2 protein chains.
Amino acid sequence: MKTNKNCVIRLSRYKNALYRLKSLGFVKIFSDNLADAVGVTATQVRKDFSQFGISGTRKGGYQIDDLINNLNRLLGKDEIHKVVVAGIGNIGTALLNYKGFEKESIKIIAGFDINTVKQNAAGEIPVFPIAEMENFIRQNQIKIGVIAVPDFAAQQIADTMIQAGVKGILNFAPMRLHGPENVVINNVNLVLELENTIYFANAVIKTGVVGQLTASAQPDGV
Amino acid sequence: MKTNKNCVIRLSRYKNALYRLKSLGFVKIFSDNLADAVGVTATQVRKDFSQFGISGTRKGGYQIDDLINNLNRLLGKDEIHKVVVAGIGNIGTALLNYKGFEKESIKIIAGFDINTVKQNAAGEIPVFPIAEMENFIRQNQIKIGVIAVPDFAAQQIADTMIQAGVKGILNFAPMRLHGPENVVINNVNLVLELENTIYFANAVIKTGVVGQLTASAQPDGV
DNA sequence: TATTATATGTTCTTTTTTTCACAACATTGG
DNA sequence: CCAATGTTGTGAAAAAAAGAACATATAATA
Ligand SMILES: NC(=O)c1ccc[n+]([C@@H]2O[C@H](COP(=O)([O-])OP(=O)(O)OC[C@H]3O[C@@H](n4cnc5c(N)ncnc54)[C@H](O)[C@@H]3O)[C@@H](O)[C@H]2O)c1
Ligand SMILES: NC(=O)c1ccc[n+]([C@@H]2O[C@H](COP(=O)([O-])OP(=O)(O)OC[C@H]3O[C@@H](n4cnc5c(N)ncnc54)[C@H](O)[C@@H]3O)[C@@H](O)[C@H]2O)c1
C-alpha cells in the first residue's frame with residue numbers, strides 16, 4: 001500500500017477533531033460531519049479510512065471511540081515516543097516548556113546544549129552537555145530527535161543523532177539537512193511559513209480574491 | 001494564471017538556496033544544480049520559473065543575481081513587511097528574539113500580551129497591552145499578524161486582527177481558525193509536525209524502506 | 001419480519017501535479 | 001563562419017490526488 005504525506009496529516013487532523021467532538025458529547029459521527037470539522041470532503045474522509053482499513057457501519061456512521069483508537073494505533077500512539085531536543089535556546093526552551101505533547105503520547109525526555117548555562121541535570125526535563133547526547137540516545141534507544149541549534153551546527157548534530165540510531169528528525173534550522181535514505185527529516189522553516197503567509201496575503205490584497213489560487217494553494221485550513 | 005502553494009514554497013526554497021550558492025561564489029547556475037540543492041527535478045525548476053515568467057539563457061543557465069531579484073520581486077520582497085505578534089510567551093518571545101527575519105524583509109514591529117509582566121513599551125521590539133492591538137494595526141496598516149496565544153484565546157485574537165485589517169495570519173495555536181474568504185490563515189501545528197515525523201520514522205523502522213511512501217510522502221526535503 | 005431511509009465503501013471521472021522528451025537556440029572552439 | 005555542444009522552454013504523457021456517483025448494507029421503524 002502506498003502512503004502519502006497529506007493523507008497522514010489528515011489522519012492526525014481527524015484525530016484532533018474527534019477529540020474535540022468527543023469532548024462536546026458526541027458518541028458517533030458521520031463522514032460529512034467530520035469532513036466539515038476538518039475542512040475536506042466527505043468522500044475524502046471515507047477514502048482515507050478505507051485506505052487504512054477503518055470501517056464504520058453502513059447506516060450508523062463511525063463510533064468516535066473506535067475511530068480514535070484506530071487512528072491512534074495507526075499513528076503509533078499505542079506507545080509513548082521518547083524525544084530528545086538539541087539546542088535549548090528560544091525554540092528548544094519553548095518545546096521543553098510545552099505541556100501539549102503529553103496527551104499525544106510524546107515525551108521529551110532530555111535536552112542537550114553546548115552552553116553550560118543552559119545545562120541543568122536536575123530540571124524537570126534535564127538538559128545535559130551536548131557531548132553526552134550520542135550515548136544518551138544509544139542507551140535510551142531514542143528514535144526521534146529535534147534540532148534547534150543554529151544553522152551552522154545543525155548538520156553535525158544531525159549526523160551525531162543518526163549515528164546514534166535516531167530515525168526521525170524534526171529540524172528547525174533553516175537549511176536542508178542531509179542524511180541516509182532510511183532517516184526521515186522533517187524541516188519546519190518558520191521564516192518560510194511567514195514568507196508564504198505574506199505572499200498569499202498579498203495575492204489576496206492585490207486581487208481581492210482567493211479564487212485565483214488553486215484549492216491546495218490556500219496555505220492551510222482557513 | 002493559477003498559483004499553487006507548493007509552487008510558491010519552492011520559489012522560497014530556490015531563493016534560499018541561491019543565497020547560499022551566491023555566498024559560495026557562484027555567479028550563474030543551471031537548473032539541475034539548483035534542483036539538486038533544493039531536492040527537486042531540473043524540469044520542475046524550469047517549469048516553475050517558466051510559470052512565473054522567469055527565463056534564463058539557452059546555454060548559459062541563469063544569472064544568480066537576476067534570479068534572486070526576480071524571486072524577491074515575485075515573493076513581494078521589494079518592500080518591508082511589517083508584522084505584529086499576539087502572545088509573547090514561549091513562541092512569541094522566540095520570534096521577537098529571532099534575527100533571521102530581517103534579511104527576508106520581514107520586520108516584527110510590535111508584540112501584544114494580556115499579561116502586564118510581558119509588556120514593555122521601551123523594548124527593542126515594544127510589547128503593548130493586547131487592548132491596544134486593534135488600534136495599532138489600524139494606524140500602522142499592518143497586514144500580517146502572528147498568533148501565539150493559548151488556543152482558547154486564539155479565535156478572538158484572530159477576529160480582532162481581521163477586524164483591524166489584517167489579511168494574513170500565521171497561527172501557532174493548535175486549532176482551526178475561522179475567518180472570511182479574503183484572509184489567509186496559515187496554521188503551524190508543531191505537535192502535528194512531530195507526530196508526523198514519528199509516524200514516518202516508524203514506517204521506516206518497521207519496513208526498513210522509505211520506498212513504500214510516495215514521493216510527496218517524505219515529510220520534507222531529506 | 002418487511003420496509004425504508006440513509007451513510008458507507010468503492011468504482012469511475014476529473015483535476016492537478018510531475019515527469020518525459022525534444023525542438024530551439026546560445027555559446028564555444030575551431 | 002560553421003559545427004558541436006549543452007541548456008533552456010514547453011507541449012504531450014504519465015502519475016497522483018481528489019471528487020462524483022451509486023450500488024449495497026444496515027439501523028430504525030412499523
Ligand atoms: N527563534 C525563532 O523564532 C526562529 C525562527 C526561525 C528559525 N529558527 C531557527 O531555529 C534554530 C534555533 O533557534 P533559536 O532561536 O532557538 O536559537 P538560539 O540561539 O536561541 O538557541 C540555540 C541554542 O543552541 C545552542 N547551541 C549552539 N551550538 C550548539 C551545538 N553545537 N550543540 C548543541 N547546542 C548548541 C546554543 O547554546 C543555544 O542555546 C536556529 O537554527 C534558528 O535559525 C528560529
Ligand atoms: N511552546 C511550544 O512548544 C508549542 C508547541 C505547540 C503549540 N504551541 C502553541 O503555541 C501557542 C503559544 O504557545 P506558548 O508556549 O508560547 O504559550 P505561552 O503560554 O508560553 O504564551 C502564551 C502567551 O499569551 C498570552 N495571552 C494569553 N491570553 C491572551 C490574550 N487573550 N491576549 C493576548 N495575550 C494573551 C499569555 O500572557 C502568554 O504570554 C499556544 O497556542 C500553544 O498551544 C506551542
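All heavy atoms count here, side chains included; hydrogens, waters and symmetry mates do not. These figures come from a predicted structure and were not determined experimentally. Chain naming here is simple, since letters A, B, ... match the order of the sequence lines and numbering starts at 1 in each.
- Here A:Lys47 pairs with nothing under the side-chain hydrogen bond (donor to acceptor under 3.5 Å, both in side chains) rule; sequence neighbours left out.
- Look at B:Thr43 and you won't find any side-chain N or O under 4.0 angstrom from OP1 or OP2 of C:dT19.
- At whole-Å resolution of the value, CG in B:Leu67 and C1' in D:dT8 are 13 Å apart.
- Rounding to the nearest 0.5 Å gives a distance of 6.0 Å between CG of A:Asn72 and NZ of A:Lys15.
- Regarding B:Asp48, its CG atom lies at a distance of 14 Å from the C1' atom of C:dT16, rounded to whole Å.
- B:Phe52 places its CZ atom 15 Å from the P atom of D:dG9, with the value rounded to the nearest Å.
- A heavy atom lying under 4.0 Å from DNA chain C marks the following residues of residues 54-63 of chain B, by number: B:Arg58, B:Lys59.
- The list of side-chain hydrogen bond (donor to acceptor under 3.5 Å, both in side chains) pairs with a residue in residues 82-95 of chain B, not counting sequence neighbours, reads A:Asn97-B:Asn90.
- Counting to the nearest Å, the P atom of D:dA21 and the CZ atom of A:Arg46 are 12 Å from each other.
- The distance between atom CD of A:Gln51 and atom P of C:dG9, rounded to the nearest whole Å, is 13 Å.
- Taking the salt bridge (Lys or Arg N to Asp or Glu O under 4.0 Å) definition, one finds that A:Lys143 meets it with nothing, sequence neighbours left out.
- Atom CD in A:Gln44 sits roughly 13 Å away from atom C1' in C:dT15 (whole-Å rounding).
- Checked by distance alone, B:Lys47 brings no side-chain donor or acceptor within 3.5 Å of a matching partner on the base of D:dG9.
- The side-chain hydrogen bond (donor to acceptor under 3.5 Å, both in side chains) check on B:Asp32 picks up nothing, with sequence neighbours excluded.
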Please table the atom pairs, donor to acceptor, closer than 3.5 Å between any side-chain atom in residues 54-64 of chain A and protein atoms at least two apart or in another chain.
| residue | atom | partner | partner atom | Å |
| --- | --- | --- | --- | --- |
| A:Thr57 | OG1 | A:Gly60 | N | 3.4 |
| A:Thr57 | OG1 | A:Gly61 | O | 3.4 |

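- Using modelled atom types and a 3.5 Å distance limit, the side chains of A:Asn70 and A:Arg73 yield a donor-acceptor pair.
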Compile the donor-acceptor pairs under 3.5 Å between side chains in residues 146-161 of chain A and protein atoms, sequence neighbours left out, one pair per line.
| residue | atom | partner | partner atom | Å |
| --- | --- | --- | --- | --- |
| A:Gln155 | OE1 | A:His178 | N | 2.9 |
| A:Gln155 | NE2 | A:Asp159 | OD1 | 2.9 |
| A:Gln155 | NE2 | A:His178 | O | 2.9 |
| A:Thr160 | OG1 | A:Gln156 | O | 3.0 |

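- Every residue was checked against the side-chain hydrogen bond (donor to acceptor under 3.5 Å, both in side chains) condition with B:Lys107, not counting sequence neighbours, and none meets it.
- Taking every heavy atom of residues 18-34 of chain A and every atom of DNA chain C, pairs under 4.0 Å involve A:Phe30, A:Ser31, by number.
- Computed from coordinates, the B:Asn6 CG to D:dA16 P distance equals 16 Å when rounded to whole Å.
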